[in-house]
Amino acid sequence: MGLRDKNPLDIAAQMAAFVLYLSKLQYPVLSQRKTMSVRSDCIKPVTCTIKPPVYLQIGDTKADPSCSGVCVVDVTLPFGKSVNIEEITFKNYYTAYVTVRLLRRNPAQEAPAKWCTALRDLALMDNPHTEGGSQDYVSIHRTQMQVEPDHVVSVRLILRQPSSAWLTFNLEDIKIHPHTEPDPEKEVSDWLSDLTLADQHTDLEGLPDPQTVSSSIQQMWALTEVMQTNQTTASIGRFDVDGCYDINLLSLT
């Protein structure tokens, strides 16, 4: 069967089937990328005790303590254990600035743990007097801190809200995620095993033979070239048939 005898619609259908075939082959790679990006978020946060917020007062006033504009939230880690922190996450509630202080213990010395400032006055709101950023989720990574957050036994969050427009402010859903050193050999092994498993579950049933579809695409391309080469420039009359007009096609106005 020559190219002129081929139905262009049939070739187009085969071409679409071939595109579907290629997309099926790419699915395992796409799913693997998604798995690798999610794997870093699978680390469970550390079990810790979050104490109620303490609003600092000025003098002996018995007015609303939140008007002082300063609040302290202590996060106590498991007793007798120190944690290497990867990141601290929380949901803001009208806090304008946060300072992170860490109580660190030096494992090489018998000296008591010491407080240090890891991050000072991180802005959480675009403007303390407006709503922007007032209820956003925030993540503070270890790379943002001025000191290495290792061997930490306690975390103190100092909150500030200089605006009197808000009655109260706090941090919600505070979580501390531990830092773990990645194992390169294990990561490569898991990646290869997941990729092989994805390849085994690829469903190619019902798809045409790729070589047949590829041949049809080449024939369709050749047919297009032939049609372009034989394209005529002669004008076609609206009711003209072999130089004559059919009386039934004419209308009188």
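All values below were derived from every heavy atom in this structure, side-chain atoms included, with hydrogens, water molecules and symmetry-related copies excluded.
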Which atom of Pro178 lies closest to which atom of Pro45, heavy atoms considered: CD-CA, 4.3 Å

Intermediate values then yes/no, side-chain contact (heavy atoms from CB on, under 4.5 Å), Asp121 and Arg160: CA-CA 8 Å; Asp121 290 337; Arg160 290 200 307 114; 3.5 Å; yes

Ser139 side chain to Thr89 backbone, donor-acceptor under 3.5 Å: no

Student check: side-chain heavy atoms of Trp166 and Ser134 closer than 4.5 Å: no

Test item: Leu124 and Val138 side chains (from C-beta on) under 4.5 Å apart, heavy atoms: yes

Under 3.5 Å: donor-acceptor pair, side chain of Thr95, backbone of Asn92: no

Residues which pass salt bridge (Lys or Arg N to Asp or Glu O under 4.0 Å) with Arg142, listed by chain and number, not counting sequence neighbours: Asp150

Salt bridge (Lys or Arg N to Asp or Glu O under 4.0 Å) assessment of Lys91 paired with Asp173: CA-CA 6 Å; Lys91 180 183 179 183; Asp173 196 20; over 6 Å; no

Spacing of Phe90 atom CZ and Leu171 atom CG [to the nearest 0.5 Å]: 5.0 Å

Qualifying residues under side-chain hydrogen bond (donor to acceptor under 3.5 Å, both in side chains), relative to Asp136, sequence neighbours excluded: none

Residue pair Val98 / Leu122, side-chain heavy-atom distance below 4.5 Å: yes

Side chain proximity check, Ser82 to Val152, heavy atoms < 4.5 angstrom: no

Note, Val155 side chain near Asp74 side chain (heavy atom, < 4.5 Å): no

Gln161 versus Tyr97, side-chain donor and acceptor atoms under 3.5 Å: no

same_hphob_cluster(Leu103, Val73) at 4.5 Å side-chain heavy-atom cutoff: no

Nearest-0.5 Å distance, NZ of residue Lys81 to CZ of residue Arg105: 12.5 Å

Charged tip of Arg104 within 45° of Trp115 ring normal and under 6.0 Å: no

Geometric class of the Phe169/Tyr55 ring pair [parallel <30°, tilted 30-60°, perpendicular >60°]: perpendicular

Nearest-0.5 Å distance, CG of residue Leu77 to SG of residue Cys48: 6.0 Å

Distance-only polar pair, side chains of Thr117 and Arg101, donor-acceptor under 3.5 Å: yes

Side-chain touch Arg156/Val75, heavy atoms, less than 4.5 angstrom: no

Other residues, nucleotides, ligands: >12 heavy atoms within 6.0 Å of Glu86 CD: yes

Same apolar cluster (I L V M F W Y, side chains within < 4.5 Å links), Val153/Val72: no

Lys44 side, atom NZ; His177 side, atom NE2 - distance, nearest 0.5 Å: 13.0 Å

Value rounded to 0.5 Å, distance of NZ in Lys175 from CD1 in Ile50: 9.5 Å

For the student: nearest non-hydrogen atoms of Ser163 and Pro128, plus distance: CB-O, 3.4 Å

Cluster link Leu159 to Val54, ILVMFWY, side chain under 4.5 Å: no

Smallest separation among heavy atoms of Gly133 and Asp126, with atom names: N-OD2, 4.4 Å

Residue pair Ile140 / Val100, side-chain heavy-atom distance below 4.5 Å: yes

Close side-chain approach of Lys114 to Leu102, heavy-atom, < 4.5 Å: no

In one Ile/Leu/Val/Met/Phe/Trp/Tyr side-chain cluster, 4.5 Å: Leu157, Tyr94: yes

